[in-house]
Each structure stands twice: as structure tokens, then as C-alpha cells.
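In this text, all values refer to a predicted model and were calculated from it rather than measured experimentally.
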Amino acid sequence: MRAAQLTSAYQQLRGDKGIWLIVTLLSLFSLLIVYSTAGSQVYKYNTSGSTELYLIRQVLFIICGFVLMYLAYRLHYMVYAKLAPVLLTLAVPLLIYTAAFGEEINDASRWIKIPILELSFQTSDFAKIALIIFLARSLAMKQDHIKDFKTAFLPIFLPVILVCGLIAPSNLSTAALLFVTCFLMMFIGRISLKYVFILLLLGMVAFGLIFLIGTYFPSHFRVETWMSRIHDFLYSDGQFQVQQSKIAIAEGGLFGLGPGNSIQRNLLPYAYADFIYAIICEEYGFIGGVFVLIGYLWLLIRSTILVTRSPKAFGSMLAIGLTLNIVITAFANIAVSVQLVPATGLTLPMISMGGTSFMLTCLSFGIILSVSRFVEQSDAIVEMVPSAQILFVGAKGKLEMEKVPQAGYSIKGLNIAGFQRSLSAKNLLFPLKLAKSMLDAWNIVRGFRPDVVVGVGGYASGPVLKMANLLKIPTVLQEQNSYAGVTNRLLAEKACKICVAYDAMSKFFPSDRIVFTGNPVRKGLLAGKIPAAEARKVMGLPLEKPVVLLFGGSLGARTINNAMMENARQIEAMTEYSFIWQVGKMYFEECNKSPLVHCGHIRMLPFIENMDVVYSAVDLVVCRAGALTISELSLLGKASVLIPSPNVAEDHQTANAKALADRDAAILLKDQDASGRLIEQINAIMKDDALRTQLETNIRHFAKPDAALHIAQQVLGCSKTESDAAE
């Protein structure tokens with residue numbers, strides 16, 4: 001029964017289970033090895049306690065660490081983005097206070113004594129996490145101008161130098177490894193290589209200055225200790241503890257002396273902390289040492305996979321930054337034990353005897369698992385059924401063939417395209433492509449054997465759902481628009497459920513199968529929302545001016561671009577507003593010739609990476625009327641001018657926009673009227689607070705924040721396995 005309960009608890013666990021397992025195994029291994037090394041403490045220092053007290057102490061640290069980890073894991077990881085400035089602001093004075101008044105242990109002022117509890121707090125461990133969170137936030141927010149020296153590099157570079165510089169006098173190894181972690185984060189975060197290497201050069205200069213200053217103020221800088229350790233590393237077999245460490249590793253051989261049988265623990269200083277890896281190798285041999293190495297490498301691999309799946313830049317940078325900090329520290333500790341680097345005072349994360357380092361490592365793991373947890377929730381079906389297997393089918397040459405694998409899912413492509421409404425030679429190939437797609441869809445469905453097939457309209461949905469119908473596999477449709485597409489209308493009769501985002505869809509579908517779910521929006525859109533003033537600061541916009549956003553989807557919209565350029569003189573004079581104008585990569589070169597590029601109140605961008613930040617900054621949105629865009633505007637409550645594209649199937653964008661305009665939730669501006677009336681509509685809304693408030697209030701009525709979850713529930717309810725279970 002207990003085994004079944006453990007299995008059930010494991011299956012219900014959220015976040016990357018591999019990382020959960022790594023944390024658990026390292027903690028259990030910590031108990032064994034700390035209990036073994038604790039005996040030497042009792043013996044060497046003649047304490048009145050016993051090894052069992054050290055074991056109980058470590059158990060308490062692990063329990064408290066796991067509680068802290070769980071609390072950090074339960075928070076949405078975007079909360080840490082909001083806390084980042086506060087944490088860094090707190091870390092800097094703590095480091096300064098520690099340097100001036102900190103408790104001196106082992107010739108270094110790294111600790112603050114906590115009153116009453118009689119515990120020592122190492123402020124550099126807290127500062128490391130604070131800097132990594134702040135750096136991840138800065139890199140994520142500045143993705144649109146990440147290559148710029150003034151707006152991206154300097155604000156990121158200065159905190160790194162400041163924090164590392166404050167840590168270095170008392171803990172050079174920690175400062176150096178933190179600097180390496182930040183260097184790698186900036187490299188991964190796409191900071192210009194030129195600036196990254198400038199950071200490296202300046203970092204080397206800064207550490208050189210610390211050495212130089214330390215020669216004149218030896219009481220505040222441990223230069224003599226550093227030079228002694230470097231000298232021993234270069235010109236001898238190492239200091240006493242390094243020599244004993246290498247003896248312990250050699251004595252362990254392949255299988256080790258066995259748990260609790262270490263001899264060197266009685267001779268090796270800090271066998272329970274700095275040199276615990278040597279005791280692991282002595283008692284558990286080469287196999288035990290490799291096991292620990294694999295644990296940290298596995299953590300790095302799992303976090304790398306997590307980064308590739310994270311939909312937000314902050315989550316990616318946060319997870320990889322904290323992971324690099326843990327893994328680099330672990331490898332540095334191990335390298336000291338085998339004299340690959342000079343001796344340091346670093347502990348082995350999650351294994352060395354509990355203390356500040358152990359607790360804050362648990363906090364780091366909790367934050368990493370928080371990122372993992374919400375990446376998993378990006379797919380509501382996987383969230384509800386962790387064992388679910390999902391296969392996407394798309395049209396070859398379309399964007400989904402690139403984006404779906406980037407999100408960590410498998411996809412197969414069909415060689416199909418729509419029927420051209422105008423006379424075109426391509427229509428001659430349509431019957432052949434359709435027949436080939438039907439055959440391919442049959443093979444895909446037969447091979448994958450799904451319990452349910454979901455169609456969202458589009459070219460690839462038709463063949464796949466048709467084959468599913470022939471094979472008696474339940475199907476679910478999701479119609480994003482207010483005017484149903486041909487594919488979904490043809491397949492509706494045999495659908496189990498039809499998920500819609502607009503009212504009055506019974507004119508297209510059987511009313512008994514319609515479920516109003518709304519459209520799912522990009523992940524974390526609300527979770528990552530920041531105040532408008534902060535968002536404008538990130539975008540480099542004046543805080544006091546209202547902001548207008550104009551965009552035409554990821555590819556841009558020629559009509560909106562032309563409207564801006566044809567009204568250039570008027571827009572140049574509209575300095576009471578700030579404009580963010582996303583033109584699309586394919587139109588960037590053309591729009592870059594416009595005089596608007598040189599206007600200080602206009603930011604022209606080819607593509608917007610951090611759309612959540614931009615949405616927070618703006619007061620009015622001018623855009624196309626795609627279903628997913630409208631869902632995002634509804635969720636955020638943004639006043640909008642919708643310019644439907646006339647070039648989409650059955651003019652469904654006009655129907656989408658009209659559904660909102662009829663309820664005073666948006667302004668509908670026809671495509672052919674865009675150039676002539678764009679300025680009029682912008683001024684009408686921006687100068688009428690009551691109208692803008694009305695639009696913001698009414699559009700929120702269309703919001704469905706839990707759309708993904710509701711659609712997933714319908715899908716699971718229609719699946720063969722659910723039906724079989726019900727019977």
C-alpha cells in the first residue's frame with residue numbers, strides 16, 4: 001500500500017521529476033556521508049555531543065531546506081522577476097555590513113551572526129542568488145535591444161561588477177565563480193560578444209585591482225592567503241588538506257572502504273564540508289565519486305532541456321543561471337579535492353554539512369522547479385495527465401514546423417496547401433496534394449494510435465480528422481474565430497465537442513456539441529505583468545506620456561505600415577504620445593526609409609520578443625483582428641483599434657472585430673479606411689478618457705483566462721480511455 005501511495009505521490013508531483021529525483025538522492029547521500037564525517041568532529045574537538053546529534057542536525061537542515069524549496073516551488077517563477085530589484089538592493093548593503101562588521105571565521109569576514117538563534121549567515125550566498133535573479137530579469141526585459149551598449153550592457157554590467165567586487169575581498173573563489181556564471185548567462189542571453197569579452201577584460205582588471213589594493217590593506221584583503229594557495233598549487237603537491245584529500249581518493253580505489261570506514265576523515269580538515277568529496281571517494285570508491293558527478297551533470301542536462309521548453313526568456317535565464325551556479329560550484333569543489341585548481345572554501349552543494357549554503361541551494365532548486373512546474377502547465381493536457389503523449393501534425397513549410405519542436409514536442413508534416421480562390425496553376429496540383437495528404441494522415445493516425453484527435457482548423461486538420469473519423473477515434477474541434485472556417489464546418493457533424501470563443505456559433509455547428517471555452521493565450525501573459533511605469537522604463541520610453549502600440553502580428557501588416565508612413569507628417573507632430581511600431585521583419589527595410597525612424601517619440605521594431613512587457617507599457621493597441629490577438633487584448637483589458645485583414649479565409653477577421661465593436665469593446669476600422677482615418681481614431685480614443693475606459697472594461701467581458709484548461713478537459717472527456725473508463 002505504501003509503495004502504491006509513493007507511486008501516486010510521484011505521479012502527482014509537478015515540475016521536472018528528474019530534478020526532484022536529483023535533489024532527493026543528493027540529500028540522502030548527504031545524510032550518509034555527514035554522519036560518517038561527524039565522528040571525526042567529536043573526536044578532534046572533544047565535544048560532549050555524539051555523531052547522532054550531527055545526524056539529527058543534518059536531518060533538520062534537510063527538512064527545513066525542503067520546506068524552503070517547496071515554498072519557492074509553489075510561487076510562480078515570475079514573482080521572482082518582481083522581487084529581483086528588492087533582493088539586489090538588500091544584498092548590497094548586507095555585503096557592505098558583513099565586510100565592516102561581520103563575524104570573522106577562518107580569517108575571513110563572510111558571516112553575520114543571527115541573534116538568539118546563534119547561527120551564522122553567509123551573505124555572499126544570498127547575494128549570488130539575488131544577482132542571478134536580477135541578471136535573468138534584465139536579460140529577459142532587454143531582449144529587443146540586447147545588442148545595445150547603453151541600454152542593455154551597462155545596466156547589466158554594473159551590478160555584476162559591484163556584487164562580485166564586494167564579495168571578492170573575503171571570498172575570492174565565490175566571487176570568481178559568480179562572475180563566470182554571470183559571464184555565461186550574458187553569453188546565453190545574446191549580449192553582443194564584443195561586450196561580453198569587454199566584461200571579461202574588465203573583470204580581470206577589477207580582480208587585479210583587488211590584488212593590488214590588498215597588498216596595501218592586508219587586514220581587509222586576504223592577498224597573502226590567496227598567494228599562498230596559488231604558490232602551493234603551482235610549486236608543490238598542495239597544502240596539507242589537499243594532500244590528505246588525494247590520499248583519501250587513492251585509498252578508496254574502485255569500490256571504496258565502505259560506509260563509515262574512512263581513515264582520512266580523522267586527519268582531513270573540514271572533511272564534512274570543503275573536502276567531503278574526498279571522503280565520498282574513500283568510502284564509496286570511484287563508483288561513488290562518479291555517481292556524484294553524474295548527479296550534477298544530470299541536473300545540467302535536465303535544466304538545459306527545461307530552458308529550451310520555457311516560453312519566456314526570464315524563465316530560461318533564471319533556470320540556467322541558478323543551475324550553472326550550483327554545477328560550477330560543485331565542479332570547483334571537486335576540482336580542489338584532486339588539485340586541479342587552488343584550494344578554496346567552497347562546499348559541495350546539497351551534500352556538505354548543512355548551513356547557509358545548504359539552505360540557499362535548496363532555495364535555488366525550488367526556483368528552478370517553479371520554472372519547470374509552469375513550463376509543464378504550458379500544455380494543459382500534459383498538466384492534467386502527466387503520462388500523456390502528444391503528436392502535432394502541421395502543413396509543411398508553415399511556421400508550426402519550426403515552433404512546435406522548439407517547444408519540445410514532436411510534429412509530422414503534410415504536404416498540403418489551401419485551394420486558391422483566384423485562378424492559379426497551383427490549383428491543378430491541389431487534388432494530388434490532397435490525396436497524398438490523406439494517405440500520409442492515415443499512416444500517421446494508424447501509427448500513433450491516439451485516444452483523441454484535436455483539430456484547430458487549417459489545412460492539416462482536414463485529412464487527419466477525416467482519417468480519425470474513419471478509424472472511429474473521437475475528435476474535438478477548436479474554432480478560434482467568430483466566423484467558422486470551412487475545415488471545421490465540414491468536420492463538425494462527427495465531432496465529440498466543439499470548443500468556441502464567440503457567442504452565436506450554432507449557425508455553424510450543432511448546438512448540443514458547442515462548448516464556450518475561449519481561446520488559449522500565450523503562457524504567463526498575466527503572471528509576468530509588470531506596472532506600466534516599469535515597462536516603459538524597460539522600453540526606454542518617457543514615463544509621463546501615453547503609449548500607442550501598432551503591430552500586424554509576427555510578420556507585420558502592410559496596411560498598418562502604409563497608414564503610418566502616409567501620415568508621417570501628422571505623426572511626427574504627435575509628440576504628446578509615444579509610439580511603438582512593430583513593422584515585421586519582411587517590411588523592416590522598407591519602413592526604415594521613413595522619416596518616422598528619426599522621431600524621438602517613435603520606436604520602430606522589426607519584431608517584439610517580450611510582448612508581455614510591451615502590453616504592460618501601452619494604453620492603446622492598433623492591430624489586426626486575429627482570434628488569438630483579440631484573446632490577449634481581452635485578457636489584459638486593452639483599448640484597441642482593430643483593422644481586419646481582408647485577405648484571410650471568409651473574411652473571418654472582420655467577423656471577429658465586429659463581434660467586439662457591436663458590444664463597444666473595440667473600434668472597427670476597415671482596411672481600406674486605415675490610412676485616411678488612423679490618426680482620427682487614435683486621437684478620439686486617447687483624448688477621451690471615458691471612451692478608453694469603456695473599451696477597456698467591455699473587452700474584458702470576452703476574456704477567458706482558463707481557456708487552455710477548459711479545452712483540455714473537453715479533450716480528455718472525449719478520449720477513448722475516458723470513455724472506456726466510464727463504461
Side-chain angles (χ1 to χ4, degrees), residues 75-85 133-146 151-152 155 189-190 307 309-319 367 370-371 373-375 377-380 403 406-407 518-541 543 546-554 578-582 603 605-624 626-640 696 699-700 702-708:
L75 286 176
H76 193 294
Y77 69 88
M78 290 305 300
V79 171
Y80 300 107
K82 297 177 182 178
L83 292 175
I133 296 173
F134 182 83
L135 187 56
R137 175 182 182 269
S138 299
L139 288 169
M141 285 186 166
K142 298 179 185 298
Q143 282 297 300
D144 286 333
H145 36 87
I146 197 68
T151 57
R190 301 190 304 116
V307 164
R309 292 183 58 201
S310 178
K312 296 181 75 65
F314 175 69
S316 299
M317 296 310 306
L318 182 62
I367 297 172
S370 174
V371 176
R373 172 176 169 232
F374 283 93
V375 167
Q377 287 183 343
S378 66
D379 189 303
K403 294 297 183 181
Q406 288 177 2
N519 288 323
V521 298
R522 66 186 76 199
K523 313 163 186 73
L525 197 63
L526 279 180
K529 191 175 181 182
I530 60 175
E534 187 175 347
R536 289 174 187 175
K537 188 176 179 181
V538 170
M539 297 299 298
L541 301 172
L543 301 184
V547 184
V548 180
L549 167 66
L550 302 101
F551 76 103
S554 59
S578 294
F579 290 88
I580 300 174
W581 177 22
Q582 188 245 301
R603 290 284 308 279
L605 302 170
F607 182 76
I608 297 175
E609 186 77 32
N610 53 342
M611 197 67 187
D612 52 339
V613 175
V614 173
Y615 272 143
S616 295
V618 305
D619 300 280
L620 174 65
V621 180
V622 179
C623 60
R624 290 300 197 186
L628 297 184
T629 297
I630 288 177
S631 294
E632 292 181 351
L633 296 174
S634 303
L635 191 63
L636 296 171
K638 291 296 177 181
S640 57
E696 291 170 347
I699 199 171
R700 284 192 176 96
F702 290 82
K704 294 289 287 185
D706 297 323

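Residues meeting the side chain to side chain contact (heavy atoms under 4.5 Å, CB included) test with P85, sequence neighbours left out: R137. Evaluation of the side chain to side chain contact (heavy atoms under 4.5 Å, CB included) rule for A707 yields P520, K704 as partners, not counting sequence neighbours.
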### Query
Hey, mind stepping through D612 and E632 against side chain to side chain contact (heavy atoms under 4.5 Å, CB included) and telling me if it holds?
CA-CA 10 Å; D612 52 339; E632 292 181 351; over 6 Å; no
### Message
Could you walk me through whether I580 and V547 satisfy the side chain to side chain contact (heavy atoms under 4.5 Å, CB included) test, starting with their C-alpha distance in whole Å, then the side-chain angles of each, then the deciding distance to 0.1 Å, before giving a yes or no?
### Response
CA-CA 7 Å; I580 300 174; V547 184; 4.0 Å; yes
#### Entry: Worked verdict on L633 versus C623 for side chain to side chain contact (heavy atoms under 4.5 Å, CB included)
CA-CA 10 Å; L633 296 174; C623 60; 3.8 Å; yes
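Of all non-hydrogen atoms in I133 and Y80, the two that sit nearest each other are CG2-O, 3.3 Å. Closest approach of K638 and V618 over heavy atoms only: NZ-O, 2.9 Å. Looking at every heavy atom in both residues, T629 comes nearest to F551 through CG2-CZ, 3.8 Å. Summarising the geometry of Q582 relative to F607, their closest heavy-atom pair is CG-CA, 3.9 Å, with the distance given to 0.1 Å.
Put simply, the side chain of S634 never gets that close to the backbone of A703: no donor and acceptor are under 3.5 Å apart. R603 contributes a side-chain N or O that, together with a main-chain N or O of M539, makes up a donor-acceptor pair within less than 3.5 Å. No donor-acceptor distance shorter than 3.5 angstrom exists from the side chain of R536 to the backbone of L541, with no hydrogens or angles considered.
In this structure, CG on L83 lies 8.0 Å from CG on L75, to the nearest 0.5 angstrom. Rounding to the nearest 0.5 Å gives a distance of 7.5 Å between OG of S640 and CG of L620. For the atom pair CG (L139) and CG (N610), the distance works out to 12.0 Å, reported to the nearest 0.5 Å. Note that CG of L549 and CG of D619 are 10.5 Å apart. Values are rounded to the nearest 0.5 Å.
Side chains of V548 and W581 form no contact here, defined as non-hydrogen atoms less than 4.5 Å apart. At a threshold of 4.5 Å between non-hydrogen side-chain atoms, the residues L635 and F702 do not count as touching.
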